[in-house]
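So the structure is just underneath, and the comments pick up after that.
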Amino acid sequence: MDLSDFEGDWMLERRVVNAVGPDAVFTGTACFARNGAELVLTEAGEMVIDGQAPMQGQRVYHWRQGGAGIEVFFDDGRFFHLIAPGAQVEAHHDCPPDIYDVRYDFSGWDLNDGPKWRAVWQVKGPRKDYRMESHYTRQP
């Protein structure tokens, strides 16, 4: 799996199970667009939080091929985390006072049969405690 394998459009389904607030569902797209040597990931769609009206949302990240794997950066240029090679990958990000742990699962990755993958985040902090599971499926 190479950085360029992500290029293109993906369907995105995300579920947030919140221990300290309402749960949420996000449905939309994830577009990996080439910008020089990096891919700019734009996730856009609709978030529905239990008990609230739906709202539109968008996030932007920058993915770059590094020596140890794919380096993920926030849109403002700060380093976020590293996705090392492998079918099951774990990464960690400290954002005091919060802690973000992620497990990427690429076991469903098959370029010939429409690749799919998922990311499961566990976020803990003084005012945060949620699990966020995102499923990505290549759009035809």
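Because only heavy atoms are used, hydrogens play no part in the values below, and waters and symmetry mates are left out as well, while side chains stay in. Index from 1, following the sequence.
- Within the 4.5 Å cutoff, the side chain of Trp121 has no heavy atoms near those of the Arg14 side chain.
- Side-chain atoms of Met132 and Val123, non-hydrogen and from C-beta on, never get closer than 4.5 Å to each other.
- With hydrophobic clusters built from ILVMFWY side chains whose heavy atoms lie under 4.5 angstrom apart, Met55 shares a cluster with Phe26.
- To the nearest 0.5 Å, the span separating CE on Met11 from OG1 on Thr137 amounts to 5.0 Å.
- Atom SG of Cys31 sits about 9.0 Å away from atom CD of Gln139, to the nearest 0.5 Å.
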- Task: Begin with the C-alpha distance, continue with both residues' side-chain angles, and end with the deciding distance and a verdict on side chain to side chain contact (heavy atoms under 4.5 Å, CB included) for Asp9 and Thr29.
- Result: CA-CA 7 Å; Asp9 295 323; Thr29 59; 6.0 Å; no
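- No single ILVMFWY cluster, assembled from side-chain heavy atoms under 4.5 Å apart, contains both Ile83 and Ile99.
- The shortest heavy-atom contact between Gly8 and Arg138 is CA-NH1, 4.0 Å.
- Side-chain contact check for Pro97 versus Arg127: every heavy-atom pair is 4.5 Å or farther apart.
- Atoms CD and OG, from Gln65 and Ser4 in turn, are 8.5 Å apart once rounded to the nearest 0.5 Å.
- Contact of the Asp23 side chain with the Asn18 side chain is registered, since non-hydrogen atoms from C-beta on lie closer than 4.5 Å.
- Residues Leu12 and Ser134 approach most closely at CD1-CB, 3.9 Å, considering heavy atoms.
- Tracing side-chain contacts under 4.5 Å through hydrophobic residues (I, L, V, M, F, W, Y), one never reaches Trp117 starting from Leu82; they form parts of separate clusters.
- Within a 6.0 Å radius of CD in Glu71, more than 12 heavy atoms belonging to other residues, nucleotides or ligands are found.
- Across all their heavy atoms, Asp98 and Pro126 have their closest contact at OD1-CD, 3.5 Å.
- The minimum heavy-atom distance linking Trp10 with Pro115 is given by the pair CZ3-O, 3.3 Å.
- In summary, of the residues considered (Tyr136, Phe6, Tyr104), a ring pair (Phe, Tyr, Trp, His ring centres under 6.0 Å) with Trp109 occurs for Phe6 alone.
- Hydrophobic cluster membership is shared by Phe74 and Phe32, with clusters built from Ile, Leu, Val, Met, Phe, Trp and Tyr side chains linked at under 4.5 angstrom.
- Interatomic distance, OG1 of Thr27 versus CZ of Arg15, reported as 10.0 Å (0.5 Å rounding).
- Considering His92, Lys124, Gln122 as possible partners of Asp101, the one that fulfils the side-chain hydrogen bond (donor to acceptor under 3.5 Å, both in side chains) test is His92.
- Side-chain atoms of His135 and Glu133 include a donor-acceptor pair closer than 3.5 Å.
- A distance of 9.5 Å separates NE2 in His93 from NE2 in His81, rounded to the nearest 0.5 Å.
- Of the charged side-chain nitrogens involved, at least one lies within less than 4.0 Å of a carboxylate oxygen, so that Glu38 and Arg64 count as a salt-bridged pair.
- Side-chain atoms of Val120 and Asp105, non-hydrogen and from C-beta on, never get closer than 4.5 Å to each other.
- Rounding to the nearest 0.5 Å gives a distance of 6.0 Å between CD of Glu43 and OH of Tyr61.
- Annotation: Phe73 is in aromatic contact with Phe79 [ring centroid separation under 6.0 Å].
- Closest heavy-atom contact between Ala37 and Leu3: O-CD2, 3.8 Å.
- Only one option out of Val60, Val40, Thr42, Leu41 pairs with Asp75 in a side chain to side chain contact (heavy atoms under 4.5 Å, CB included); it is Val60.
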